[in-house]
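Scroll down for the structure; my scribbles are underneath it.
All values below were derived from every heavy atom in this structure, side-chain atoms included, with hydrogens, water molecules and symmetry-related copies excluded.
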Amino acid sequence: MDRKYKITQNLSYCLKETAKGCRKLPYLCMGVVLANCIIPIITAFLPKVIIEEIEQGMGLKRLLIITGTLALGLALAQTIQKYLERLVYWNKFKMNTHFLRKVTKKALTTDYRNQENEHFRELQTESFSSCNGNFSGFIQTYDAIIMFFSNFLGFVAFAGILFTLNVWVILFLCFTTSVSFLLNRKVLKWAEKNMDEKTGYEHGMQYIIETSNDTAAAKDIRLYNMKVWLDKRYNRYMEGLLRWYGRYTAKLFGVSAVDSGMSLIREGVVYLYLLYLVFKGDISVAEFVLYFNVVAGFSTWLGSLLGQINVLGRLNISMNRFRTYLEYPEVYKREDGEDIRADKNPRVIELKNVSFRYSEDGDDIIKDFNLKIAPGEHLAVVGLNGAGKTTMVKLIMGLTEPGEGTVCYDGRDVREYNRDKYYEIFGAVLQDHSILPVTISEIVAENDGSSVDRQKVMECLKAAGLKEKTDSLDKSINSKYDKTFWDDGISLSGGEQQKLLLARALYRNSPVVVLDEPTAALDPISENRLYETYNEMTKGKTTIFISHRLASTRFCNRIILIEDGRILEEGTHEELLGKKGRYYELYETQAKYYRDGAGGISSEENIPDTSKAENER
């Protein structure tokens with residue numbers, strides 16, 4: 001449920017955050033507001049003063065002095081205004097950075113379960129947009145605040161001047177301006193109501209643009225002649241967007257025509273009234289000029305003031321979404337959680353009657369799941385896609401929490417531990433991984449260059465089978481990763497990336513190691529050799545291997561076969577084959593492809609891939 005703060009509450013929040021991020025910005029905004037009010041007032045009074053001086057027959061010298069003084073004051077005010085606006089401009093970006101830090105910190109530290117929540121991800125995307133760029137939500141908020149108070153003070157000042165003329169003039173101007181405001185508001189409401197349609201077209205066009213610029217998609221676009229499809233899609237979205245703007249423009253034109261008519265009536269009536277007063281002798285020509293300027297300015301102030309109320313209302317919705325994101329509930333315990341034993345010895349991991357689903361109305365991915373992993377045990381988890389293997393691993397590592405049942409480490413519910421400390425006991429290589437654009441040594445050590453054990457990095461790279469590659473590089477482990485980020489960066493193949501991630505997991509030297517199909521880009525024989533090497537290096541550690549290829553994990557102490565969120569079979573490789581059950585069926589299905597494709601080569605000499613078994617089903 002999104003937060004529903006009032007405009008005043010959000011403006012107060014914005015002011016408090018501004019005091020933390022850029023204390024001088026509110027004072028600069030106040031300076032701009034005062035300049036915005038003073039300049040129109042001087043402009044309105046300047047011709048009145050000059051005309052009065054002429055009417056009173058004052059000398060040329062006095063007239064020039066008064067005119068020069070007022071003109072100089074106006075020029076000075078305008079100079080100060082421009083200078084303050086420039087300062088406000090730069091400091092608004094400083095506040096953008098302040099809010100962007102808050103959004104980024106939330107994204108990096110929030111409970112992982114939140115990152116799997118669609119509503120949270122939508123809020124996160126909107127929050128990044130609200131504090132990023134020249135037209136971000138917060139940039140617009142400061143602009144709207146400046147304009148609101150400028151218009152308010154200007155309205156009060158000009159209303160005071162008109163009050164000396166006739167209070168009915170003020171009421172008439174307010175009424176006609178409010179009618180114009182309500183008509184414009186009607187158009188804005190239509191735009192807001194139909195915003196999803198417009199956003200859909202824009203998102204579609206943005207997707208086509210991003211896909212066209214994506215180097216990873218470049219080959220497919222050319223090989224499968226996707227240019228025609230992309231072009232048609234883009235044109236369809238563009239035509240839809242043009243139709244939307246066509247309807248919007250038609251409504252806007254109608255309102256603008258009525259608004260122009262109202263403006264003509266509003267100012268025409270008042271100007272006729274002023275002329276009547278001049279001919280009647282109630283006001284002088286100089287006063288006529290003053291009131292003439294003030295009437296036009298008053299309508300502008302009031303119309304803009306009402307418009308800014310609309311703008312602040314729209315921005316208030318955006319700020320509510322922003323604060324909803326920052327205040328999104330965090331369930332995992334951090335500093336208030338229990339500490340974990342500081343030694344590097346693994347403990348018992350146990351899942352008790354665990355069930356889990358990704359959404360309340362979804363099906364259980366894990367169902368009444370029970371599993372106990374002994375300290376130092378090497379466990380293989382196999383099964384087809386969607387069986388629940390990765391979900392089980394995320395539950396064990398505390399990335400997400402079960403809907404029912406408990407996950408225990410060392411006899412205690414994982415939810416009781418300090419979650420950040422709990423993460424430290426795992427060294428993991430997952431299917432979805434990220435590699436930062438830093439040096440190879442920093443990637444492996446997960447630290448900056450000043451605190452990297454270079455010898456240990458080299459040993460881990462050797463164990464992962466990547467040392468030969470790094471030795472061939474000009475800067476060895478000091479080479480920067482990612483050519484798209486660094487001019488002198490390097491690129492790695494899919495298999496090399498996975499070996500680098502394995503080296504990172506080795507360097508961490510954690511008591512529990514998780515390999516969630518990290519070798520998918522390797523050929524079966526290379527995967528088998530790498531797993532055997534890793535099996536040797538992780539002796540004494542609890543290790544969980546997840547693989548599609550059943551024979552790759554035959555060295556494990558135990559293998560569990562997961563299907564439909566439950567453990568269907570478990571045992572050693574030989575025991576499971578001897579049962580002639582589901583494991584045996586999958587294994588033989590895999591091996592068949594290698595026998596047929598390699599002239600009868602024995603399955604014992606090949607490590608087949610279970611993904612083909614899924615097609616077999």
Side-chain angles (χ1 to χ4, degrees), residues 112 332-333 337-354 366 369-382 388-402 405-431 433 444-446 453 456 459-460 463-464 501-519 530-547 552-560 562 567 570-573:
Y112 181 80
Y332 301 169
K333 290 185 177 181
E338 297 289 334
D339 286 333
I340 293 183
R341 298 192 199 186
D343 59 52
K344 290 289 185 178
N345 297 320
R347 309 292 173 182
V348 174
I349 299 172
E350 187 171 8
L351 286 76
K352 300 179 180 179
N353 304 316
V354 169
I366 296 291
F369 198 93
N370 290 278
L371 175 67
K372 190 172 185 178
I373 306 173
E377 180 180 7
H378 286 194
L379 175 73
V381 183
V382 298
K389 304 186 298 297
T390 298
T391 301
M392 182 205 78
V393 165
K394 288 195 289 188
L395 288 165
I396 289 175
M397 293 191 296
L399 291 173
T400 192
E401 294 185 342
T406 56
V407 178
C408 298
Y409 182 81
D410 197 14
R412 302 198 63 171
D413 192 329
V414 167
R415 286 172 284 208
E416 298 301 317
Y417 288 120
N418 178 325
R419 196 60 60 98
D420 293 327
K421 295 294 183 182
Y422 183 71
Y423 290 149
E424 292 177 4
I425 70 173
F426 293 95
V429 181
L430 306 176
Q431 291 184 56
H433 59 264
V444 174
E446 297 179 285
D453 184 339
K456 186 176 179 181
E459 292 173 359
C460 293
L501 293 169
L502 289 173
R504 184 174 72 178
L506 283 171
Y507 187 96
R508 192 166 195 178
N509 193 29
S510 54
V512 182
V513 178
V514 176
L515 298 176
D516 185 3
E517 301 194 61
T519 55
L530 189 58
Y531 269 145
E532 288 179 346
T533 301
Y534 210 78
N535 182 54
E536 287 297 316
M537 296 202 65
T538 55
K539 282 185 177 178
K541 300 178 183 294
T542 298
T543 308
I544 302 172
F545 298 89
I546 297 178
S547 178
S552 294
T553 51
R554 70 179 71 187
F555 56 81
C556 290
N557 306 121
R558 181 168 46 137
I559 299 172
I560 60 172
I562 298 180
I567 297 177
E570 64 178 303
T572 64
H573 177 68

Measure the shortest side-chain to side-chain distance between V348 and K372 over non-hydrogen atoms and say whether it is less than 4.5 angstrom. yes

Could you check whether any side-chain N or O of K333 sits under 3.5 Å from a backbone N or O of E338, counting only pairs where one atom can act as donor and the other as acceptor? no

Check whether any side-chain heavy atom of L515 lies under 4.5 Å from a side-chain heavy atom of I546, and answer yes or no. no

Looking only at heavy atoms, which two atoms of R347 and R341 are closest? And how far apart? NH1-NH1, 3.0 Å

H573 side, atom NE2; C556 side, atom SG - distance, nearest 0.5 Å: 11.0 Å

If you measure from CD1 on I567 to CD1 on I562, what distance do you get to the nearest 0.5 Å? 6.0 Å

Between S510 and E424 the two heavy atoms that sit nearest each other are CB-O, 3.9 Å

Kindly say whether Y507 contributes a backbone atom to a donor-acceptor pair with the side chain of K456 at under 3.5 angstrom? yes

Just do the side chain to side chain contact (heavy atoms under 4.5 Å, CB included) check on N353 and N370 with the steps written out, would you? CA-CA 5 Å; N353 304 316; N370 290 278; 3.2 Å; yes

Run Y423 and Y112 through ring pair (Phe, Tyr, Trp, His ring centres under 6.0 Å) and show every step you take. CA-CA 12 Å; Y423 290 149; Y112 181 80; 8.8 Å; no

Under 3.5 Å, is there a donor-acceptor pair between the side chain of R419 and the main chain of G398? yes

Residue set satisfying salt bridge (Lys or Arg N to Asp or Glu O under 4.0 Å) with D453, at least two apart, ordered chain then number -> none

Can you find a heavy atom in the side chain of P402 that is under 4.5 Å from one in the side chain of V407? yes

Working for side chain to side chain contact (heavy atoms under 4.5 Å, CB included), residues T406 and E350: CA-CA 8 Å; T406 56; E350 187 171 8; over 6 Å; no

Could you check L371 against L379 for side chain to side chain contact (heavy atoms under 4.5 Å, CB included), going step by step and ending with a plain yes or no? CA-CA 11 Å; L371 175 67; L379 175 73; 4.1 Å; yes

Quick check: does any side chain N or O of N418 sit under 3.5 Å from a backbone N or O of D339, one acting as donor and the other as acceptor? no

Can you tell me how far OG1 of T391 sits from CD1 of I396, rounded to the nearest 0.5 angstrom? 11.0 Å

Indicate yes or no for a side-chain donor-acceptor contact from D413 to the backbone of C408 under 3.5 Å, with no hydrogens or angles considered. no

In this structure, CD of E401 is separated from CG of L395 (nearest 0.5 Å) by 9.0 Å

Can you tell me how far the CD1 atom of I349 sits from the CZ atom of F426, to the nearest 0.5 Å? 5.0 Å

Would you name the heavy atoms of P346 and P511 that are closest together and state the gap between them? CB-O, 3.5 Å

With distance as the sole test, does Y422 use its side chain to make a donor-acceptor pair with the main-chain N or O of Y409 at under 3.5 Å? no

For T542 and G376, indicate whether the former's side chain and the latter's backbone hold a donor-acceptor pair under 3.5 Å. yes

The reported gap from CE in M392 to CD1 in I560 (rounded to nearest 0.5 angstrom) is 5.0 Å

